[in-house]
**Student:** 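I have a structure I would like to understand better, so I am pasting it below and will then ask my questions one at a time.
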Amino acid sequence: MVRVLVYLAVFACLAFGAVWLADRPGEVSVLWQGYRIETSVALAAIGVVALAFLVLLVWAIFRFVFGLPSAFSMSSRARRRARGFEAVSRGMVAIGAGDPIAAGRYTGEARRFVPGEPLTLLLEAQTAQLSGDRALAEAAFKAMLDKSETRVLGLRGLFVEAKRRGDVTAARAFADDAVRRSPSLAWANDALLDFHTQAGDWPAARTAVERRAALRLADKAEARRQRAVLLAAEALQARDNEPERALAAALEAVKLAPSLTPAAALAGRMLAERSDVRKASKLLEAAWKDAPHPDIAAAYLDARPGDSALDRLARATTLTKLRPSDPESVLALTGAAIQAREFQKARETLKPLLAGGASVRACLLMAELEDAEHGAAGRVREWLARATRAPRDAAWVADGLVSDHWMPVSPITGRLDAFVWTVPPATLGNRAQAVDDVLADLDDSTKLIEVKAESVTTIEPAAVAPPPPPPPPAAAPKEEPKPEPVVAAAPPVPKEEPKPAVEPKPVEAVAEPAKPAEAKPVEAKPAESKPAAARETVPPKPVIFPVSHAPDDPGPEEPPPPEPKKSGFRLFG
């Protein structure tokens, strides 16, 4: 549209000029070399314009003729350049496809047609990396340093190659140079942050974090969290040598990230050591509301070193009211109740947690409770055995590593703030123990009797019924060598009867040969001093001593059945 308006304006000016000349007639006379030319002004103007066009045409023809060699040269360069960039494009595609042979062929073409182009150097370096030629790749990246437009790219490539060969010093130097030349480079700032954290230079790492936040390479929440983690690490490092600096760093870390457990626990303990119990308690209570943790509970209970066990129990109760349904509250209150010898309260507190499946810490607390209340070594061993099979509690986990204490940097990947308080993934699928088995030992009315290895195991025989019913197939035990029963005249000591490993067979009453009278079924009762007639109808209660065998030992051969006695009944094991 603009061009049309321009054309119209030009034609309007020409028309106006023609009309102006027509309204003002005149004559033009030219005398040159004895010739006299006379004409009107309009024709003279037309002749001047035609002469100008003729001169321009002659000049164009002259330039075309004398510019043919240069034109041919430029055309050749353009064709070579086009072929070179086509080779670069196909080479990049071959690198993306992982074809080193095709990439090498196109790299050769690009080097022949466009040797000085930055893309050619990049293609050459990436082809060398794909082929595994590290020396050629480094040479290509070093060649990029000579050009301003590819200098930062060359530093990035040299940084990657230095990290691959494990040269940390060279990699750090390249990252420093890249940040100095271009401060907004994300990879260089991230690399410097990693180098500072791995070296334990927490102030320099905080400077790197602040620079990344200023350049908007990280959001504000992430930057605040990273600053808090670095301050907590600095406080832990300076606690013994510079307590004032450590306390200031810990308090600032808690201000930036109230849910950072290590900073809150450290700040609370250091404030308690300065006898500022009130401030320490408020800080720890606020941290407990955000993220309950055993370290927070321990620091809260130890805020006043001179407290008695009942005072610690009262503080644990106060802490539990903040998060009553949290498992950490239950465990903290149970431990304080055991120390205060409030065993019934400890059982009542721990019972809801055991109802959902006892974890390792819950089993250990139950073992401590049994030992402190009853001194029952058998129950303690039982709970310790359950602890070996119970699901694990939450721990500090980072990159597949489970640690008992928090660390600011992952020792596996060197990532900052990698540790998370959670249940290790490997134990998430464990099946919890049966609720009845766990809750049975919480009944305080159960009489505790230690079971010793040499104690006698008594098995109550079933009532004799003619004929005995066959056992169901699902409940039939495997055939194992049966130990020889021994008849005990005295009644055994009463105790809790465990589930027998061998199901006893019903006692079969066999009459004497001399008396073929029919034997009526009778119930088995403990042997007592009765007349002979009573002993003939009531068999003595058998006591079986189990004998252990090796897995490949078939056991002793079955002895021949004993000869029938003149009185009494025979017992078949």
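Nothing fancy with the numbering, it's 1 onward along the sequence. What you see is a predicted model; the values in this text were computed from it and never measured.
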**Student:** Flag the pair Glu252 and Lys255 as a salt bridge only when some basic side-chain nitrogen lies within less than 4.0 angstrom of an acidic carboxylate oxygen.
**Tutor:**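 Looking at Lys255 together with Glu252, the answer is no, because their closest N to O distance does not fall below 4.0 Å.
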**Student:** Could you tell me whether Arg239 and Glu273 make a salt bridge, using a distance below 4.0 angstrom between a side-chain N and a carboxylate O?
**Tutor:**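 Counted as a salt bridge, because a side-chain N and a carboxylate O are separated by less than 4.0 Å.
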**Student:** A side-chain contact here means heavy atoms from C-beta on lying under 4.5 Å apart; do Asp190 and Arg212 qualify?
**Tutor:**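 The answer is yes; the side chains approach within 4.5 Å.
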**Student:** Go through it in stages, so that I can follow the logic: the residues are Trp406 and Thr261, the test is side chain to side chain contact (heavy atoms under 4.5 Å, CB included), and I'd like the CA-CA distance, side-chain angles, deciding distance and then a yes or no.
**Tutor:** CA-CA 9 Å; Trp406 176 83; Thr261 299; over 6 Å; no
**Student:** Determine whether Val330 and Thr334 make a side-chain contact, defined as any pair of heavy atoms from C-beta on separated by less than 4.5 Å.
**Tutor:**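 The answer is yes, as the side chains (C-beta and beyond) meet within the 4.5 Å cut-off.
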**Student:** In Å, rounded to the nearest 0.5 Å, how long is the span from OG1 of Thr349 to CG of Leu353?
**Tutor:**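 Rounded to the nearest 0.5 Å, the OG1-CG separation comes out at 10.5 Å.
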**Student:** What's the separation between atom NE2 in His196 and atom CD in Gln198, rounded to the nearest 0.5 Å?
**Tutor:**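 Here the interatomic distance stands at 11.0 Å.
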**Student:** Is there a side-chain contact between Gln226 and Leu193 (heavy atoms, below 4.5 Å)?
**Tutor:**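 Yes; the side chains approach each other to less than 4.5 Å.
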**Student:** Given Asp417 and Leu230, is the side chain to side chain contact (heavy atoms under 4.5 Å, CB included) satisfied, shown in steps?
**Tutor:** CA-CA 9 Å; Asp417 192 23; Leu230 293 172; over 6 Å; no
**Student:** Taking Asp302 first and then Arg312, would you say they form a salt bridge - that is, a charged N and a carboxylate O separated by under 4.0 Å?
**Tutor:**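 Salt bridge flag = yes for Arg312 with Asp302.
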**Student:** If we ignore hydrogens and angles and just use 3.5 Å, is the side chain of His293 paired with the main-chain N or O of Asp295 as donor and acceptor?
**Tutor:**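 Present.
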**Student:** When you measure from the centre of the six-membered ring of Phe174, is the NZ or CZ of Arg156 closer than 6.0 Å and no more than 45° off the axis?
**Tutor:**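 No, cation not above the ring by the 6.0 Å, 45° rule.
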**Student:** Give a yes or no on whether a salt bridge exists between Glu328 and Arg323, defined as a side-chain N under 4.0 angstrom from a carboxylate O.
**Tutor:**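 No, no charged N to carboxylate O under 4.0 Å.
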**Student:** Parallel, tilted or perpendicular for Trp187 and Phe159, by the 30°/60° rule?
**Tutor:**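 Plane angle between 30° and 60°, so tilted.
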**Student:** Among Asp177, Leu185, Val179, which residue satisfies the side chain to side chain contact (heavy atoms under 4.5 Å, CB included) criterion with Arg181?
**Tutor:**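 Among Asp177, Leu185, Val179, the one that satisfies the side chain to side chain contact (heavy atoms under 4.5 Å, CB included) with Arg181 is Asp177.
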**Student:** Does Leu130 reach the side chain of Gln126, with side-chain heavy atoms less than 4.5 Å apart?
**Tutor:**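 No; the side chains remain at least 4.5 Å from each other.
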**Student:** Between Arg386 (side chain only) and Ser359 (backbone N and O only), is there a donor and an acceptor less than 3.5 Å apart?
**Tutor:**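 Not confirmed, Arg386 side chain does not pair with Ser359 backbone.
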**Student:** Indicate yes or no: at least one non-hydrogen side-chain atom of Arg225 is less than 4.5 angstrom from one of Leu260.
**Tutor:**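 Yes, close enough: below the 4.5 Å cut-off.
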**Student:** Do you know which two heavy atoms are closest between Ala297 and Leu319, and how far apart they sit?
**Tutor:**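 So the minimum-distance heavy-atom pair works out to CA-CD2, 3.8 Å.
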**Student:** Do the non-hydrogen side-chain atoms of Leu251 and Leu283 ever get within less than 4.5 Å of each other?
**Tutor:**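 Yes; the side chains approach each other to less than 4.5 Å.
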**Student:** Report yes if the side chains of Tyr300 and Thr318 come closer than 4.5 Å at any heavy-atom pair, otherwise no.
**Tutor:**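 Tyr300 vs Thr318: side chains touch.
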**Student:** What's the verdict on side chain to side chain contact (heavy atoms under 4.5 Å, CB included) for Glu161 and Arg134, showing C-alpha distance, side-chain angles and the deciding distance?
**Tutor:** CA-CA 7 Å; Glu161 292 299 326; Arg134 303 300 177 194; 3.3 Å; yes
**Student:** What are the two closest non-hydrogen atoms of Asp194 and Gly414, and how far apart are they?
**Tutor:**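 Distance-wise, the nearest heavy atoms are OD1-O, 4.3 Å.
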**Student:** Distance check, rounded to the nearest 0.5 Å: Leu121 atom CG versus Leu153 atom CG?
**Tutor:**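 Taking CG in Leu121 and CG in Leu153, the distance rounds to 9.0 Å.
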**Student:** Could you tell me whether Glu285 and Lys289 make a salt bridge, using a distance below 4.0 angstrom between a side-chain N and a carboxylate O?
**Tutor:**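 Lys289 and Glu285: not salt-bridged.
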**Student:** Looking at every non-hydrogen atom in both residues, tell me the closest pair between Ile296 and Ala287 and how far apart they are.
**Tutor:**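 Answer, listing the atom of Ile296 first, then Ala287: CD1-CB, 4.1 Å.
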**Student:** Considering non-hydrogen atoms only, spot the tightest contact between Pro305 and Ala303 and give its length.
**Tutor:**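 For Pro305 versus Ala303, the nearest heavy atoms are CD-O, 3.5 Å.
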**Student:** For His405 and Trp396, I'd like to know if the aromatic rings sit close, meaning centre-to-centre distance below 6.0 Å.
**Tutor:**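 Between His405 and Trp396, the centre distance exceeds or equals 6.0 Å.
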**Student:** Please find the pair of heavy atoms, one from Ser184 and one from Leu217, that lie closest to each other, and give the distance.
**Tutor:**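 Closest approach of Ser184 to Leu217: O-CD2, 4.0 Å.
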**Student:** List the steps, then state whether side chain to side chain contact (heavy atoms under 4.5 Å, CB included) holds for Val397 with Val420.
**Tutor:** CA-CA 5 Å; Val397 182; Val420 180; 5.7 Å; no
**Student:** Give a yes or no on whether a salt bridge exists between Glu138 and Arg164, defined as a side-chain N under 4.0 angstrom from a carboxylate O.
**Tutor:**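 No.
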**Student:** Salt-bridged, Arg245 to Glu234, with N to O below 4.0 Å?
**Tutor:**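 Looking at Arg245 and Glu234, the cut-off is met.
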**Student:** Determine the minimum heavy-atom distance between Gly268 and Ala280, stating which atoms define it.
**Tutor:**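 Looking at all heavy atoms of both residues, the shortest contact is O-CB, 3.5 Å.
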**Student:** Report the distance from atom CG of Leu247 to atom CG of Leu271, rounding to the nearest 0.5 Å.
**Tutor:**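 Going from CG on Leu247 over to CG on Leu271, the span is 5.5 Å.
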**Student:** Tell me yes or no: between the side chains of Ser281 and Arg315, is some donor less than 3.5 Å from an acceptor?
**Tutor:**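 On atom types as modelled, these side chains qualify, holding a pair under 3.5 Å.
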**Student:** Give a yes or no on whether a salt bridge exists between Arg379 and Asp371, defined as a side-chain N under 4.0 angstrom from a carboxylate O.
**Tutor:**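 Here Arg379 does not pair with Asp371 in a salt bridge, since their nearest N and O are not under 4.0 Å apart.
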**Student:** Between Asp399 and Arg415, is there a side-chain N and carboxylate O pair less than 4.0 Å apart?
**Tutor:**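 Salt bridge between Asp399 and Arg415, a charged N being under 4.0 Å from a carboxylate O: yes.
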**Student:** Any chance you could measure Asp393, atom CG, to Thr422, atom OG1, to the nearest 0.5 Å?
**Tutor:**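 It is 11.5 Å, given to the nearest 0.5 Å.
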**Student:** Just wondering, are more than 12 heavy atoms of other shown residues or ligands nearer than 6.0 Å to NZ in Lys147?
**Tutor:**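 Enclosed.
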**Student:** With distance as the sole test, does Ser131 use its side chain to make a donor-acceptor pair with the main-chain N or O of Ala128 at under 3.5 Å?
**Tutor:**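 No, Ser131 side chain to Ala128 backbone: no donor-acceptor pair under 3.5 Å.
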**Student:** Ignoring hydrogens and geometry beyond distance, is a side-chain donor-acceptor pair present between Asp326 and Ser329 at under 3.5 Å?
**Tutor:**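 Absent: no donor and acceptor within the cut-off.
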**Student:** Quick one: are Val380 and Glu368 in side-chain contact, heavy atoms under 4.5 Å?
**Tutor:**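 Heavy-atom side-chain distance check fails, nothing below 4.5 Å.
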**Student:** Heavy-atom count check: over 12 atoms from other residues, nucleotides or ligands less than 6.0 Å from Arg216 CZ?
**Tutor:**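 Incorrect, the count does not exceed 12.
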**Student:** Nearest 0.5 Å please: distance from the OG1 atom of Thr317 over to the CG atom of Leu333.
**Tutor:**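 Going from the OG1 atom of Thr317 to the CG atom of Leu333 covers 5.0 Å.
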**Student:** Would you call Glu342 and Arg347 a salt bridge, taking side-chain N to carboxylate O under 4.0 Å as the test?
**Tutor:**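 Salt bridge flag = no for Arg347 with Glu342.
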